[in-house]
Undergrad: 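One structure coming up, written as structure tokens, with questions to follow.
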Amino acid sequence: TRCSLRCDYGRYGMVCRLCEKYQALEQRAEYAEAVEVFFLLPPGAFEPFSRELTEQSCGGIVLSKDGEKVLGMAVL
């Protein structure tokens with residue numbers, strides 16, 4: 001599943017650890033006022049990754065799946 005997210009530099013380490021845990025393949029990261037990360041998740045990993053990201057970031061990081069913004073499990 002093709003995903004992306006934007007986070008502040010303080011949360012980037014947590015995002016990298018989650019990507020490693022869920023065996024995400026990072027395609028690229030863009031560094032500006034925040035970090036934007038583009039990656040691929042293996043089949044079946046999107047929902048648990050999204051849940052854990054929401055929990056660990058207290059809802060502060062919005063995950064995009066194939067260009068659609070996803071907050072927790074609901075597509076906005």
Undergrad: Which hydrophobic side chains are connected to L40, either touching it within the sub-4.5 Å cutoff or through other members that do?
TA: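 L40 clusters with L25.
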Undergrad: Which atom pair, heavy atoms only, marks the closest approach of A32 to Y9?
TA: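 For A32 versus Y9, the nearest heavy atoms are O-OH, 2.7 Å.
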Undergrad: Do the side chains of F39 and Y22 get nearer than 4.5 Å, heavy atoms only?
TA: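 No, side chains not in contact.
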Undergrad: On a heavy-atom basis, which atom in A34 and which in C7 lie closest, and how many Å separate them?
TA: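 So the minimum-distance heavy-atom pair works out to CB-O, 3.3 Å.
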Undergrad: Quick one: does E52's side chain get under 4.5 Å of M14's, heavy atoms only?
TA: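 E52 does not reach M14 side chain to side chain.
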Undergrad: Applying side-chain hydrogen bond (donor to acceptor under 3.5 Å, both in side chains), name anything that partners Y31, two or more places apart in sequence or on another chain.
TA: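 Counting only residues at least two positions away or on another chain, Y31 forms a side-chain hydrogen bond (donor to acceptor under 3.5 Å, both in side chains) with Y12.
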Undergrad: Going from CG on L53 to CZ on R11, what distance comes out if it is rounded to the nearest 0.5 angstrom?
TA: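 If I round to the nearest 0.5 Å, the distance is 9.0 Å.
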Undergrad: How long is the span from the CD atom in E47 to the NZ atom in K65, to the nearest 0.5 Å?
TA: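 Between atom CD of E47 and atom NZ of K65 there are 7.0 Å.
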Undergrad: Using side-chain hydrogen bond (donor to acceptor under 3.5 Å, both in side chains) as the criterion, list what pairs up with E30, not counting sequence neighbours.
TA: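 Residues passing side-chain hydrogen bond (donor to acceptor under 3.5 Å, both in side chains) with E30: R28.
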Undergrad: In Å, rounded to the nearest 0.5 Å, how long is the span from SG of C3 to CD of E26?
TA: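 One gets 12.5 Å once the value is rounded to the nearest 0.5 Å.
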Undergrad: Do you know which two heavy atoms are closest between L41 and A24, and how far apart they sit?
TA: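 Heavy-atom minimum between the residues: CD2-CB, 3.7 Å.
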Undergrad: Between T1 and F49, is any pair of side-chain heavy atoms under 4.5 Å apart?
TA: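 The answer is no; the side chains never approach within 4.5 Å.
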Undergrad: For the residue pair Q56 and R17, establish whether any side-chain heavy-atom pair is separated by less than 4.5 Å.
TA: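 The answer is no, as the side chains (C-beta and beyond) never meet within the 4.5 Å cut-off.
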